[in-house]
Amino acid sequence: MKIGVLGTGNMADALATQWVRAGHEVFVGGRDEQNAQRLATRIGGGAGHGTLQAAVGFGEVVLAALPYGAGAEIVREHQSALQGKILVDCANPVGPGFRLLTEGGPSAARRLAAAAPGVHVVKAFNLCHEDVWRMTPPVFDGQPLTVPICGDDEAALALARKLVRDMGCEPVAGGGLDRAGLLEATAALFIGLWVAEHADVRAIAPPLAYATGPRAESA
């Protein structure tokens with residue numbers, strides 16, 4: 001699969017490195033082409049580098065590893081080239097005090113979709129620190145990490161599920177793109193609990209067998 005990467009930060013580094021290891025072709029695009037070149041060299045595996053426009057043109061799937069606020073602007077600039085393509089959004093619109101910056105408005109993912117009508121946006125990979133995505137694979141207590149994904153186009157979701165599995169993780173359906181805001185709100189909650197409270201968020205929910213309450217033992 002050909003993957004264009006928009007951005008040269010830590011998430012772009014972590015995810016693209018794993019996909020190159022899985023055999024995908026990657027092209028890193030950045031506003032600063034020197035940063036894109038440095039990242040492509042670090043990723044290895046023949047990763048290409050160049051402008052944001054070149055990355056959009058290269059990828060059948062495009063990863064938007066962009067800060068919230070910049071993402072919609074960049075997507076709007078390249079909306080013609082993105083038409084019909086799959087855009088994976090991993091951004092977290094979380095501000096000071098672990099505040100959700102989109103509160104009262106569209107999710108970050110919906111803003112990308114609105115900036116480029118005709119692009120198939122999938123929300124994924126936003127619930128973990130970049131170093132978790134560097135793990136090969138992310139497995140905890142013998143269980144592969146589960147990655148929720150949200151989107152409206154089945155072909156786009158199928159490719160996103162493949163990218164999740166290629167990292168050694170398991171995809172799970174999170175619903176349509178209208179539910180992407182729930183993933184972003186979950187990230188804001190989790191980051192606050194992890195960082196401010198040093199809490200293990202796995203402990204806030206019961207096991208699946210108890211999700212609807214304890215079952216009475218049969219007599």
Side-chain angles (χ1 to χ4, degrees), residues 10-11 14-15 18 22 63-65 68 71 86-114 120-219:
N10 290 330
M11 285 294 287
L15 294 171
Q18 292 286 29
L63 171 69
Y68 174 70
I86 298 160
L87 185 68
V88 178
D89 173 37
C90 64
N92 276 325
V94 180
F98 314 109
R99 181 171 61 90
L100 187 64
L101 298 176
T102 58
E103 188 173 0
S107 67
R110 291 291 291 269
R111 291 170 196 251
L112 295 187
H120 304 301
V121 177
V122 175
K123 187 77 185 188
F125 304 109
N126 72 304
L127 292 183
C128 295
H129 188 275
E130 63 264 13
D131 285 341
V132 172
W133 302 121
R134 299 182 200 276
M135 297 174 65
T136 53
V139 174
F140 304 93
D141 298 328
Q143 180 175 345
L145 184 69
T146 297
V147 180
I149 57 176
C150 292
D152 295 330
D153 183 82
E154 184 49 47
L157 290 169
L159 286 182
R161 287 192 291 267
K162 175 171 175 52
L163 292 177
V164 169
R165 292 191 178 102
D166 285 345
M167 298 186 68
C169 302
E170 288 296 326
V172 63
L177 199 64
D178 60 323
R179 292 174 62 84
L182 298 179
L183 279 185
E184 295 169 5
T186 298
L189 173 64
F190 280 11
I191 293 168
L193 291 173
W194 284 323
V195 176
E197 304 297 331
H198 303 287
D200 185 345
V201 299
R202 294 177 301 174
I204 68 177
L208 179 59
Y210 291 84
T212 57
R215 296 181 179 178
E217 295 183 6
S218 56

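All residue numbers refer to positions in the sequence shown, counting from 1. Since the model is a prediction, treat every value here as computed from it, not as a measurement.
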Subject >> Closest heavy-atom pair and its distance - Cys150, Leu157 >> reply: C-CD2, 4.1 Å
**OP:** For residues Thr102 and Ala108, report the shortest heavy-atom separation together with the two atoms involved.
**Re:** CG2-N, 3.9 Å
**OP:** Kindly write out the residues that satisfy salt bridge (charged side-chain N to carboxylate O under 4.0 Å, His left out) with Arg110, not counting sequence neighbours, or none if the list is empty.
**Re:** none
Original post:
Mind checking whether Val147 and Pro171 have side chains closer than 4.5 Å, heavy atoms only?
Top reply: no
**OP:** Can you see which heavy atom on Ala187 is nearest to which on Asn92, and at what distance?
**Re:** CB-OD1, 3.2 Å
Subject >> Cys90 SG to Leu127 CG distance, which is reported to the nearest 0.5 Å >> reply: 11.0 Å
Subject >> OG1 on Thr186 to CD1 on Ile191, rounded to 0.5 Å >> reply: 10.5 Å
Subject >> By salt bridge (charged side-chain N to carboxylate O under 4.0 Å, His left out) - contacts of Arg134 (at least two apart) >> reply: Asp13, Asp131
**OP:** Compare every heavy atom of Trp133 with every heavy atom of Gln18, then report the nearest pair and how far apart it is.
**Re:** NE2-O, 2.8 Å
Original post:
For Tyr210, does the OH atom sit with more than 12 other heavy atoms under 6.0 Å from it, leaving out its own atoms?
Top reply: no
Subject >> CD1-CZ distance between Ile204 and Phe190, expressed to the nearest 0.5 angstrom >> reply: 5.0 Å
**OP:** Measure the OG-CG distance between Ser107 and Leu183 for me, rounded to the nearest 0.5 Å.
**Re:** 9.5 Å
**OP:** Would you give the length of the straight line joining atom CG of Leu189 to atom CD of Glu184, rounded to the nearest 0.5 angstrom?
**Re:** 14.0 Å
Subject >> Atom of Val122, atom of Ala160 and distance for their closest heavy-atom approach >> reply: CG1-CB, 3.8 Å
**OP:** Please report the shortest heavy-atom distance between Phe125 and Met11, naming the atom on each side.
**Re:** O-CE, 3.2 Å
Original post:
Tell me, which pairs form a salt bridge (charged side-chain N to carboxylate O under 4.0 Å, His left out) where one or both residues lie in residues 187-207, sequence neighbours left out?
Top reply: Asp141-Arg202, Asp200-Arg202
**OP:** Kindly compute the distance separating CD1 (Ile149) from CZ (Arg179), expressed to the nearest 0.5 Å.
**Re:** 13.0 Å
Original post:
Checking Lys123 side chain against Ala91 main chain: does a donor-acceptor pair fall under 3.5 Å?
Top reply: yes
Subject >> Enclosure of Gln143 CD (heavy-atom neighbours >12, cutoff 6.0 Å) >> reply: no
